[in-house]
Every structure is written in structure tokens, then in C-alpha cells.
Amino acid sequence: MILNFSFKLIAAKGKLVCYFSLYKTYRVVSTAPVDVLWQKLINLADASWNPLIARTNVPRGLIPKPGLIYQVVTRFTPFPIQFFVENVRPGELLSIRVLAIPGMEQKITYQVESTLCGSYISYSVTLRGWLSPFIWWLIRPYSARVAAELAQAAERISV
């Protein structure tokens, strides 16, 4: 687990401006093959393994590609939040930007890799903006479980 947190207080043009930035990575080993992990990850219609997401509006079978925007209802709010797919490297990386509220920018990156010990899934969260400390306080317990829940869901399929 890697945690980086920065706080900058800048005085410019007679105003005091605060910048918050938080970056955290969770990494879990799984016995499921990389292909099974990747298939579970890119099935955007079924995010039941994600403790932060209640449901999406994506039709079944739609594969994420850069530029795709879809809506997600989180477990915290009843209104949809837009997700924007930034980068996809098939079998390796999926990067998503969350377009939620002004004052906060969130980027989520999933990485899958195969090693001799098993398959690794990495879940990285980057928060920026003046609301990021409050949002992090809300989502921290759930974010810690995302990679583990994905690995467990993939292992149930592969068994």
C-alpha cells in the first residue's frame, strides 16, 4: 500500500489558495488467471464486486474504450456520477476519470499483471481539489476493499 498526500497553501493576487492531492495504491495477489481478472474488470455492466458502485447504465457486452462516458450510481448517493474512460491497454490497464462535483477530481487506475506467485491487481486512486480530504474520509474504508473484492470475484469464476 502506497500513500502520498500533499497540501499546498499559495498566496496569489491577494488570495489564499489551498491545493490538496492524494494518491493511494492497493495491490492484491490472486490465484485467478489474468484473463479472468481482466474480463471481470472490463464488464462495466456488472460492477457488483465493487463496494463503491451500486449500478451502471452500461449495456451488457460493451467493452471500455478511451473516450467512453457512462453513468454510475454509487452506494453513497442516489444520483448518477459520470465516469470517463481515459486509457485502456487490453489485459493490462484501465484508467477512469470520475466527473462528479466541482472542487474534486478523481482518477482511478486498475492494473493487472501476471507473476510466478499469481496474478496481481493494483487499484490506484488519485484525488485532487479542495474537497478531496472530505471525500477521502468518506470512501477510504470502501476503497481499501476494491482490489480484494475484484480478486475474490474473479477467483469464484475461475474455480
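Everything numeric in this text was worked out from a predicted model, so none of it was measured.
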**OP:** List the atom of Pro33, the atom of Ser119, and the distance in Å for their closest heavy-atom pair.
**Re:** C-OG, 3.7 Å
Original post:
Which heavy atom in Ala147 sits nearest to a heavy atom in Val28, and how many Å separate them?
Top reply: CB-CG2, 3.6 Å
**OP:** Can you tell me which residue pairs pass the ring pair (Phe, Tyr, Trp, His ring centres under 6.0 Å) test with a partner in residues 35-59, sequence neighbours excluded?
**Re:** none
Original post:
About how many Å separate OG of Ser132 and CD of Gln106, when rounded to the nearest 0.5 Å?
Top reply: 10.0 Å
**OP:** Consider only side-chain N and O atoms of Thr109 and Ser124, and report whether a donor and an acceptor are under 3.5 Å apart.
**Re:** no
Original post:
Should Leu94 and Val85 count as side-chain neighbours, where that means a heavy-atom distance under 4.5 Å?
Top reply: yes
Original post:
Do Leu93 and Leu44 sit in the same hydrophobic cluster, where Ile, Leu, Val, Met, Phe, Trp and Tyr count as joined when their side-chain heavy atoms come under 4.5 Å apart?
Top reply: no
Subject >> Between CG on residue Asp35 and CG on residue Leu37, distance to nearest 0.5 Å >> reply: 9.0 Å
Original post:
Going through the distances and angles, do Ile81 and Leu99 end up as a side chain to side chain contact (heavy atoms under 4.5 Å, CB included)?
Top reply: CA-CA 6 Å; Ile81 294 173; Leu99 309 171; 5.8 Å; no
**OP:** Scan residues 98-110 for pairs that pass salt bridge (charged side-chain N to carboxylate O under 4.0 Å, His left out), counting only residues two or more places apart or in two chains.
**Re:** Glu86-Lys107, Arg97-Glu105, Glu105-Arg128
**OP:** Check the side chains of Ser30 and Glu155 for a donor-acceptor pair under 3.5 angstrom, ignoring hydrogens and angles.
**Re:** yes
Original post:
Tell me, do Pro80 and Val72 make a side-chain contact under 4.5 Å, heavy atoms counted?
Top reply: no
**OP:** Could you name each residue pair satisfying ring pair (Phe, Tyr, Trp, His ring centres under 6.0 Å) that touches residues 76-99, not counting sequence neighbours?
**Re:** Tyr70-Phe83, Phe76-Tyr142
**OP:** Classify the side-chain pair Ser21/Tyr23 by whether it contains a donor and acceptor separated by less than 3.5 Å.
**Re:** no
Subject >> Flag side-chain contact, heavy atom, 4.5 Å: Val146 against Leu52 >> reply: yes
Original post:
So, do Ile53 and Val73 sit near enough that their side-chain heavy atoms are less than 4.5 Å apart?
Top reply: no
Original post:
Does some side-chain heavy atom of Leu62 sit less than 4.5 Å from a side-chain heavy atom of Leu68?
Top reply: yes
**OP:** Spell out, yes or no, whether Ile69 and Ile96 are grouped together once hydrophobic residues are joined by side-chain heavy atoms under 4.5 Å, including indirect joins.
**Re:** no
Subject >> Heavy-atom check, side chain of Leu150 versus side chain of Asn50, under 4.5 Å >> reply: no
**OP:** Could you list the residues that satisfy salt bridge (Lys or Arg N to Asp or Glu O under 4.0 Å) with Arg89, not counting sequence neighbours?
**Re:** Glu92
Original post:
How far does CG of Leu138 sit from CG of Leu131, to the nearest 0.5 angstrom?
Top reply: 10.0 Å
**OP:** Name all pairs fulfilling the ring pair (Phe, Tyr, Trp, His ring centres under 6.0 Å) condition that reach into residues 92-111, sequence neighbours left out, sorted by first residue then second.
**Re:** Tyr110-Tyr123
Subject >> Check: Lys24 and Trp136 side chains under 4.5 Å, non-hydrogen atoms >> reply: yes
Subject >> Reported OG1-to-CD1 distance for the pair Thr74 and Ile139, which is rounded to 0.5 angstrom >> reply: 10.0 Å
Original post:
Looking at CG of Asn57 and CD of Gln82, how far apart are the two atoms once the value is rounded to the nearest 0.5 Å?
Top reply: 9.0 Å
**OP:** Enumerate the residue pairs fulfilling salt bridge (charged side-chain N to carboxylate O under 4.0 Å, His left out) with a member in residues 45-70, sequence neighbours excluded, ordered by first and then second residue.
**Re:** Lys40-Asp46
Original post:
Nearest heavy-atom pair of Cys117 and Val29: which atoms, and what distance?
Top reply: O-CG2, 4.1 Å
Subject >> Distance-minimising heavy-atom pair for Arg75 and Ser48 >> reply: NH2-O, 4.0 Å
**OP:** Establish whether Ile108 and Tyr120 are linked, either directly or via other cluster members, by ILVMFWY side-chain heavy-atom contacts under 4.5 Å.
**Re:** no
Original post:
Under a 4.5 Å cut-off applied to non-hydrogen side-chain atoms, are Ser143 and Tyr26 in contact?
Top reply: yes
